[in-house]
Amino acid sequence: RGVRAINLSDEKDDSVIGCAVVEEGKALLTVTETGFGRVSEFDNYRLQSRGGKGLINYHTEKFGDVAAVAAISGDEDAILISAGIIIRIPTVSISKFARPSKGVRVMRTDEADKVVTLALTPHEEAEQEPSEEGAEQAEQADVLPDGQNEQ
């Protein structure tokens with residue numbers, strides 16, 4: 001059964017969205033359902049005792065409910081998922097702000113769409129267009145329209 005981690009308020013419809021392990025060199029990425037996000041240093045959050053009430057991480061009345069949180073080091077990519085849309089952005093491109101601030105728009109959403117979740121993945125460089133030499137080699141290859149090589 002364990003011990004009580006946080007004491008949620010019944011009258012405010014409080015809920016736990018996620019948690020992150022505090023590690024040296026990492027920061028907290030917070031993303032809202034409306035597509036705003038920010039990175040905050042863990043030093044912005046004071047230590048709570050067991051069963052504490054917590055503290056405000058985001059002003060949800062103004063900017064929408066929090067969709068996800070994750071501890072990041074800055075060398076990974078964030079995959080943001082909404083209804084039918086998936087984007088991948090490097091976490092270093094998301095600005096650092098103090099804990100109670102709005103942050104920046106990390107994903108454009110329609111009024112009906114909401115960011116559902118966030119996943120972290122190792123950073124990959126964007127695909128580059130083929131060089132002129134590579135394009136010439138592709139043109140010279142005997143490839144049929146359906147992708148099958150001639151025999």
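The figures that follow rest on heavy atoms only: side chains count, while hydrogens, waters and symmetry mates do not.
Under the 4.5 Å side-chain heavy-atom criterion for grouping Ile, Leu, Val, Met, Phe, Trp and Tyr, Ile94 is not connected to Val66 through any hydrophobic cluster. Note on Val92 and Ile89: separate hydrophobic clusters, where clusters join Ile, Leu, Val, Met, Phe, Trp and Tyr whose side-chain heavy atoms are under 4.5 Å apart, directly or indirectly. When hydrophobic clusters are built by joining Ile, Leu, Val, Met, Phe, Trp and Tyr residues whose side-chain heavy atoms come closer than 4.5 Å, directly or via intermediates, Ile72 is grouped together with Val31. Hydrophobic clustering places Ile17 together with Tyr45 (ILVMFWY residues linked when any side-chain heavy atoms are closer than 4.5 Å, directly or through intermediates). Neither Leu120 nor Val69 shares a network with the other; the hydrophobic side chains, linked directly or stepwise wherever heavy atoms of I, L, V, M, F, W or Y lie under 4.5 Å apart, form separate groups for each.
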Assess the residue pair Leu28 and Val39 against the criterion (side-chain contact (heavy atoms from CB on, under 4.5 Å)); give the C-alpha distance rounded to whole Å, side-chain angles, the decisive distance to 0.1 Å, and a yes or no. CA-CA 5 Å; Leu28 186 70; Val39 175; over 6 Å; no
With side-chain contact (heavy atoms from CB on, under 4.5 Å) as the criterion, how do Ile81 and Ile79 come out once you've worked through the C-alpha distance, each side chain's angles and the decisive distance to 0.1 Å? CA-CA 7 Å; Ile81 303 170; Ile79 298 175; 4.2 Å; yes
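Rounded to the nearest 0.5 Å, atoms OG1 (Thr32) and CE (Met107) are 11.0 Å apart. Taking CD of Gln48 as the start and CG of Asn7 as the end, the distance is 11.0 Å to the nearest 0.5 Å. Rounded to the nearest 0.5 angstrom, Lys114 NZ and Thr109 OG1 are separated by 10.0 Å.
Shown here for Thr121 and Arg88, the closest heavy-atom pair between the two residues is CG2-NH2, 3.2 Å. Nearest heavy atom pair, residue Leu118 against residue Ala68, reads CB-CB, 3.7 Å. The two residues Gly52 and Ile6 have their closest heavy-atom pair at O-CG1, 3.3 Å. Between Val106 and Phe36, the shortest heavy-atom distance links the atoms CG2-C, 4.1 Å. The shortest non-hydrogen separation linking Arg4 to Arg50 is O-CG, 3.4 Å. The two residues Ala83 and Asp113 have their closest heavy-atom pair at CB-OD1, 3.6 Å.
Using modelled atom types, no side-chain atom of Ser82 and backbone atom of Val116 make a donor-acceptor pair closer than 3.5 Å. No side-chain donor-acceptor contact under 3.5 Å links Glu124 to the backbone of Pro122.
Side chains of Asp75 and His123: no donor on one and acceptor on the other come within 3.5 Å.
In this structure, Arg38 forms no cation-pi arrangement with Phe97, as its terminal cationic atom is not both closer than 6.0 Å to the ring centre and no more than 45° off the ring axis.
Val115 has its side chain out of reach of Thr34: every pair of non-hydrogen atoms, C-beta onward, lies at least 4.5 Å apart.
Within a 6.0 Å radius of NZ in Lys26, more than 12 heavy atoms belonging to other residues, nucleotides or ligands are found. The environment of Arg108 atom CZ is sparse: at most 12 non-hydrogen atoms of other residues, nucleotides or ligands sit within 6.0 angstrom.
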